[in-house]
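Worksheet for the structure shown next.
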Protein chains: 2
Amino acid sequence: MAPSCVASVPIFSGLEPSAQEAIAERLVHRAFAAGEVIALPGDAPALRVVHSGRMRQSRASDTGVEQLLRILAPGDFTGQGAVLTGRREAHTTTAMSAVTVCQLTAADLAAVLREQPGVALGMLVEVSERLTAAEEQLAAITGQSVMSRLGQYLAALAASAGSDTIVLPMTKRDLASFLGTTPETLSRRLRRLEDERLIEQRPGGVIRVRAADALAAVQ
Amino acid sequence: MAPSCVASVPIFSGLEPSAQEAIAERLVHRAFAAGEVIALPGDAPALRVVHSGRMRQSRASDTGVEQLLRILAPGDFTGQGAVLTGRREAHTTTAMSAVTVCQLTAADLAAVLREQPGVALGMLVEVSERLTAAEEQLAAITGQSVMSRLGQYLAALAASAGSDTIVLPMTKRDLASFLGTTPETLSRRLRRLEDERLIEQRPGGVIRVRAADALAAVQ
DNA sequence: CGTATTCTTGAAGCCAGTCAAAAACGGTGG
DNA sequence: CCACCGTTTTTGACTGGCTTCAAGAATACG
């Protein structure tokens, strides 16, 4: 399992076999059951790469309101913020399903980055994309209504799925947190989109997008 | 000026003199007057390092509301998002004062990153910190009141200045945008903080913090 | 010293949050 | 296969923080 893990991870897969083996030796594998906590704020820094399953990452504000930041799928990594800056972990990470992760301590990651310059570049590209996404979301939350954010989210989901029937990749409660609102408001906005004939809801978080263009342009 | 520019920039300053010279040859220097636009959404990607002066970076939502993302001081860089992912520039960057920048095209940055592995690592650390900051702000905007965000901002400013008298590093209009609110609301909240004897406002954006602890804990 | 911004203040309206409870859903064991 | 239970989701009523629009005051700058 160890070598296949390294090979399946984008930031390591481009390396030569000998380099991959060196990394595999340092990696620690861990498994978590659905719902289990993988990391809490204040934990020691560690780079974690998802091998299988999905995990959710959130951050609580001072008042306790939780903001869902992202969902990590196989190949995605997390923990670079704490590892690179020497701070403690700032996020809460939990397993959404049964999850296996490959873990690297701060010291081991430092060694890998020194020996394998390509890894830093791969991580840099990924972190840059996340930063752009976070900044886009910041602008959307301060400048657009919940209705508008929801419409764009659903339109984007349909576009990336290449189908007009989509399955929400998380519970509606989580989607509300991700969009920066409450489950009550999300429910009402979905209802309004249905009333306006832009979507059609079916059980199990299945949504049929009837007018993607209009959905992405909702105010 | 060219060599001193490379030496004064954190992501390049650690390199050997010969490497710095190689980078200096690729750098293009540009100067901007206060208020001038340095980059607009849709511009061709380029890595820009601030040499002198300060510039502001913002992002507009679909409805036109502007979100101030950050202010760049000498040594800070921008444009990595577009350069690394091959997309077009997403932010608006303007000069707050007279500004000189060192610029690197996407192709030249790629060459530098290939030849100088240490640069990618330095950029990775910086971009990671920005991502953490953006995520923190995201959680603050969805989970805390304007009052609370303002209190924490002022307390942090006083702490980093090491003094109880601080000068706002931007106009109040910009601060409102940065905090995700409007100038009107910011004005009212500052007034309330004065009424509660937590701060004291003086002309020119000068604020005396009278109770930093209470300020950081305001709800 | 005049003028354009920036900032402040007032009044009114609305979007979204909160609290509360009913309804729907999904999984489980008998 | 179906009744049961906990969770998720929905709906209703209400509240409130913030935004908006508008106009006046203060400030900065040429």
Side-chain angles (χ1 to χ4, degrees), chain A residues 33-35 56 61 63-68 94 96-98 139-151 153-154 167-196 199-207 218-219, chain B residues 33-35 56 61 63-68 94 96-98 139-151 167-196 199-207 218-219:
Chain A
R56 70 191 292 282
S61 75
T63 56
V65 178
E66 184 190 50
Q67 165 76 44
L68 177 58
T94 57
M96 296 180 76
S97 60
I141 287 186
T142 59
Q144 295 170 223
S145 65
V146 171
M147 194 73 173
S148 169
R149 279 176 266 157
L150 174 59
Y153 175 83
L154 293 176
V167 183
L168 296 180
M170 57 188 120
T171 65
K172 289 183 179 176
R173 172 202 287 264
D174 277 349
L175 179 56
S177 171
F178 182 71
L179 294 176
T181 184
T182 60
E184 293 95 325
T185 297
L186 173 63
S187 177
R188 289 184 238 271
R189 293 299 169 270
L190 281 169
R191 189 80 162 78
R192 197 190 289 178
L193 288 178
E194 265 193 306
D195 292 345
E196 294 177 1
I199 65 169
E200 208 171 281
Q201 285 196 79
R202 311 197 105 269
V206 174
I207 292 178
V218 169
Q219 295 300 323
Chain B
R56 69 191 293 282
S61 74
T63 56
V65 178
E66 184 190 47
Q67 166 76 42
L68 177 58
T94 57
M96 296 179 76
S97 60
I141 285 185
T142 58
Q144 295 170 225
S145 65
V146 171
M147 193 73 172
S148 169
R149 278 176 266 157
L150 174 59
V167 183
L168 296 181
M170 57 188 119
T171 65
K172 289 184 180 175
R173 170 203 288 263
D174 278 349
L175 180 56
S177 170
F178 182 70
L179 294 175
T181 183
T182 60
E184 293 94 326
T185 298
L186 173 63
S187 177
R188 289 184 239 271
R189 292 299 168 268
L190 281 169
R191 189 81 162 78
R192 197 190 289 178
L193 288 177
E194 266 193 307
D195 292 345
E196 294 177 1
I199 65 168
E200 209 171 281
Q201 285 196 81
R202 312 197 105 268
V206 175
I207 292 179
V218 169
Q219 295 300 320

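The chains referred to below are lettered A, B, ... by the order of the sequence lines, with proteins before strands, and numbering in each begins at 1.
- As rounded to whole Å, 16 Å separates atom C1' of dT19(D) from atom CD of Gln67(B).
- One interatomic measurement links the two molecules: CG of Leu150(A) to P of dT9(D), which rounds to 14 Å at whole-angstrom precision.
- Contact annotation: Gln201(A) reaches the phosphate of dT10(D) (side-chain N/O to OP1 or OP2, under 4.0 Å).
- Contact record, Ser61(A) with Ala139(B): CB-O, 3.5 Å, taken as the closest heavy-atom pair.
- Judged purely by atom type and a 3.5 angstrom limit, Gln144(B) has no side-chain atom pairing as donor or acceptor with the backbone of Thr63(A).
- The closest donor-acceptor contact from the side chain of Arg149(B) to the backbone of Leu179(B) lies under 3.5 Å.
- Using a 4.0 Å cut-off on heavy atoms, the residues of residues 172-183 of chain A that approach DNA chain D are Lys172(A), Arg173(A), listed by number.
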Report task. Begin with the C-alpha distance, continue with both residues' side-chain angles, and end with the deciding distance and a verdict on side-chain contact (heavy atoms from CB on, under 4.5 Å) for Asp174(A) and Arg56(A). Result -> CA-CA 9 Å; Asp174(A) 277 349; Arg56(A) 70 191 292 282; 2.8 Å; yes
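- Contacts between residues 184-194 of chain A and DNA chain D, defined by a heavy-atom separation under 4.0 Å, are made by Glu184(A), Ser187(A), Arg188(A), Arg191(A).
- The two residues Arg189(A) and Met147(A) have their closest heavy-atom pair at CD-SD, 3.4 Å.
- The minimum heavy-atom distance between Leu186(A) and Ala176(A), with the atom names listed, is CD2-N, 3.7 Å.
- Note that the CG atom of Leu175(B) and the CG atom of Leu168(B) stand 6.0 Å from one another [nearest 0.5 Å].
- Contacts between chain B and DNA chain C, taken as any atom within less than 4.0 angstrom of a protein heavy atom, begin and end at dT6(C) to dA11(C).
- Shortest non-hydrogen contact noted between Gln219(B) and Ser145(B) is O-OG, 2.7 Å.
- Going from atom CD of Gln144(B) over to atom P of dC18(D) covers 12 Å, rounded to whole Å.
- Shown here for Gly143(B) and Val65(A), the closest heavy-atom pair between the two residues is CA-CB, 3.8 Å.
- Between the side chains of Thr182(A) and Thr185(A), at least one donor N or O sits under 3.5 Å from an acceptor N or O.
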